[in-house]
Amino acid sequence: MSDPPRKETDVARRIRAHALARGRSPQEIAHEIHEQCGPLFGTSRVKAHRLAHGVALSDIVAQVRALYEVDGKPPPRLGETLLSAYESGYKRPGPEYLHYLCAVYRVEPDQLDYKSPCICGRGHAVRPGAATVPQPRAPERHAAQQPDVPLVGSIIPRAEDRHWVDVNDLRGPDRADGPLSIDVGEEDIVLRRTLLQLLAGAGVALDGQFLGAVDNLRRKMDDTLVGATVSPTMLDQWEETTYGYGRQYQATPSLRMLCDVLLDFSEVRRMCDKRQPVELQERLCRIAAQLSGLSGLIMINLGDHRLARSFFRTARTAADETGDRQLRAWVTVRESLVPMYYGDPREALHLARKAQDLAGRTPGVAAAMAPAVEARALGMLALRGRGDAAPSARRALVRGRSVFDQLSKTDTNDLVFGFTDRQMAFYEGDTFTNLGDHKHGDEVLSHALTLYAPTDRVDLTLVRLDRAMCRFHAGNPDAALAGGQEAILDLPPDHRSDILVHRARQIGAAVQAKHGEIPGLREFREALAGPWVTSPTKEPAPTGERPPVPPSEQV
């Protein structure tokens, strides 16, 4: 007796041969291949369907390209490498590619192990009575045993069976002034659909498909940065658009802002696809670094620190292409906010000092902001019992204020790409609060409140939450809970991002840890149990599970 097959393809070939002999359909064969090869070789469902048809990766790519051609669309960028990544589970097809794979295999997305519905809104599975291509028949005496099945390899569906949404229907109203670029990817479709839902006032959940599209877009920028023809006028417009986001950052809900920024980020990536002249390439990479860094800040607000770090990593890659140490310092000091927000002041301290080294002695945004971040991180360490942190934090504040006073008016008027006087006051007040100087901290934070505009919702709310923490340290837990609750409830629901609710819950956790279950805690928790945006990567923890840590903010 011969040995059993040892390779995935050999096992699949044997299963397919026996199944065809019994008159099984390709869908049934794919199911059997997955059942038998999955435990042995990790065969995915989407790969099982290709093996069930007995075709190579190149055949499926060719058939998808043929469907694009029949539909009058430009050739897709789908290749054997990307299709193999789908089959191995390293990547997930976007809505458009998923539609075409379903059309090729004549199955629904769930049969390929994808839970999201197809964008066409119609079924792909072979229906009873659908036209089939007869197989070559054996002699007449066996005819009754040979049912009509689709011809192996001939799995392109008829044109009249295909229905889908044109990607141009997914454009937002702000981008209706021209044809969509022929290089629109699946990520753009997901972002445009989310933006339309937000504009329509529908609730949007941060699911795996959305976050996957965000990360895939960032990865594409990584790919194109190392691999670009634009005019100086076009770059002027993109630079103006990028700095415009700095003015909108505080006033626009985080998820809406993320969609807008990433759609422009996608356009910049397409411009980077071919190398530009040196004088234009540097400007283009600067825009890419700024948009990527801004995306990282927004992901902090939405509570996904993993994606935030990924965007800052992409921003560093783009900043390195410019050779601008000040830009790299800006990216690094902004990245230091990730560990500071999520409870690792030592790493925040390390990144802040690294940013100061990059900035050097030239007065600039990072050179002023980095000592202020250092002071905040040291204040957090002092609150946790590090004895030498307090004097170091005060010295860092003095250094930061000295550089800040040398900044230009342009640098002190931008909340994102600059460092404003209200942000400096916020950092100082937070540091004094953590150092136990509650009276001085409350005075500085009160002054910061007068500097913020009503539209600077996030920073304004975090200053109010800081003042509530001051009341807690001053021995008034009821006032702390009332101040924290009022700060959150004064926000419109779509502005109650993860970072704000997380900070408010820290106040409740601090009160519970020191004073126990006082009467106001229950009302406080109920007030924070509303349906606002929470972290897409984790469930909110009960207030008693996290130790109290110093405040975090969006800047």
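On a predicted model such as this, the values are computed, not experimentally measured, just so you know.
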Could you walk me through whether Arg346 and Asp344 pass salt bridge (Lys or Arg N to Asp or Glu O under 4.0 Å), step by step? CA-CA 6 Å; Arg346 290 178 178 81; Asp344 190 356; 5.5 Å; no

Sub-6.0 Å ring centroid separation between Phe432 and Tyr427: no

Which is it for Val338 and Arg306 under the side-chain contact (heavy atoms from CB on, under 4.5 Å) test, yes or no, and what are the steps along the way? CA-CA 9 Å; Val338 180; Arg306 184 193 67 82; over 6 Å; no

Measure the acute angle between the ring planes of Trp330 and Phe417, then classify it against the limits of 30° and 60° as parallel, tilted or perpendicular. tilted

Any donor-acceptor pair under 3.5 Å from Arg325 side chain to Asp357 backbone: yes

Polar side chain donor-acceptor pair, Tyr245 to Asp264, under 3.5 angstrom: yes

To the closest 0.5 Å, what do you measure between CG (Leu195) and CG (Asp188)? 12.0 Å

Whether Ser402 side chain and Val398 backbone form a donor-acceptor pair below 3.5 Å: no

Between the side chain of Arg422 and the main-chain N/O of Leu415, is any donor-acceptor distance below 3.5 Å? no

Which value, rounded to the nearest 0.5 Å, describes the distance between Asp437 atom CG and Arg394 atom CZ? 5.5 Å

List the steps and the verdict of side-chain contact (heavy atoms from CB on, under 4.5 Å) for Val333 and Leu351. CA-CA 6 Å; Val333 73; Leu351 288 173; over 6 Å; no

Salt bridge Arg401-Glu428, side-chain N to carboxylate O under 4.0 Å: yes

Which distance, rounded to the nearest 0.5 Å, do you find between the CG of Leu500 and the CZ of Arg505? 11.5 Å

Should Arg457 and Pro492 count as side-chain neighbours, where that means a heavy-atom distance under 4.5 Å? yes

Any side-chain donor-acceptor pair under 3.5 Å between Thr317 and Arg313? no

Applying side-chain contact (heavy atoms from CB on, under 4.5 Å) to Phe210 and Leu191, what does each step give before you reach the verdict? CA-CA 7 Å; Phe210 179 82; Leu191 290 168; 3.7 Å; yes

Taking all atoms of both residues into account, what is the closest heavy-atom pair of Ala370 and Ala352, and its distance? CB-O, 3.4 Å

About how many Å separate CZ of Arg376 and CG of Leu397, when rounded to the nearest 0.5 Å? 10.5 Å

Exam field: side chain Ser292 to backbone Phe311, donor-acceptor pair closer than 3.5 Å: yes

When you compare the side chains of His502 and Gln506, does any donor N or O come within less than 3.5 Å of an acceptor on the partner? yes

Taking atom types as modelled and ignoring hydrogens, do the side chains of Thr420 and Gln423 form a donor-acceptor contact shorter than 3.5 angstrom? yes

Inspect the contact between Arg386 and Asp388 and indicate whether a charged nitrogen and a carboxylate oxygen are less than 4.0 angstrom apart. yes

I'd like to check Phe312 versus Leu297 (side-chain heavy atoms, cut-off strictly below 4.5 Å). Are they in contact? yes

Does any N or O in the side chain of Thr322 come within less than 3.5 Å of the main-chain N or O of Ala319, such that one atom is a donor and the other an acceptor? yes

Donor-acceptor side-chain pairing of Glu374 and Gln356 below 3.5 angstrom: yes

Tell me the closest heavy-atom pair linking Ala366 and Ala329, and the distance in Å. CB-CB, 3.5 Å

Under a 3.5 Å cutoff, is there a donor and acceptor pairing between the side chains of Thr461 and Arg464? no

Just by distance, do the side chain of Arg496 and the backbone of Leu489 share a donor-acceptor pair under 3.5 Å? yes

Run the numbers on Arg316 and Asp320 for salt bridge (Lys or Arg N to Asp or Glu O under 4.0 Å), then give the verdict. CA-CA 6 Å; Arg316 287 202 305 269; Asp320 286 343; over 6 Å; no

Arg283 and Asp236: CA distance, side-chain angles, deciding distance, salt bridge (Lys or Arg N to Asp or Glu O under 4.0 Å) verdict: CA-CA 9 Å; Arg283 293 177 63 188; Asp236 290 342; 2.5 Å; yes

Report the distance from atom CG of Asp498 to atom NE2 of His305, rounding to the nearest 0.5 Å. 9.5 Å

List the steps, then state whether side-chain contact (heavy atoms from CB on, under 4.5 Å) holds for Tyr97 with Leu82. CA-CA 11 Å; Tyr97 283 172; Leu82 184 56; 3.8 Å; yes

Without hydrogens or angle criteria, can the side chains of Thr412 and Asp421 be said to hold a donor-acceptor pair below 3.5 Å? no

If I compare all heavy atoms of Gly441 with all of Thr433, which pair ends up nearest, and what's the gap? CA-OG1, 4.0 Å

Should Arg309 and Glu347 be marked as a salt bridge (Lys or Arg N to Asp or Glu O under 4.0 Å) after you check the CA-CA gap, both sets of side-chain angles, and the distance that decides it? CA-CA 13 Å; Arg309 285 190 180 277; Glu347 186 185 0; 2.9 Å; yes

Check: Gln237 main-chain N/O paired with Thr241 side-chain donor or acceptor under 3.5 Å: yes

Other residues, nucleotides and ligands only: do more than 12 of their heavy atoms fall within 6.0 Å of NE2 on His473? yes

About how many Å separate CG of Leu262 and CE of Met299, when rounded to the nearest 0.5 Å? 8.5 Å

Can you check whether His438's main-chain N or O pairs, donor with acceptor, with Asp442's side chain at less than 3.5 Å? no

Less than 3.5 Å apart, any donor N or O on the side chain of Tyr341 or Asn301 sitting next to an acceptor on the other? no

Tell me whether the guanidinium CZ or amine NZ of Arg218 lies under 6.0 angstrom from the six-membered ring centre of Phe265 and within 45° of its axis. no

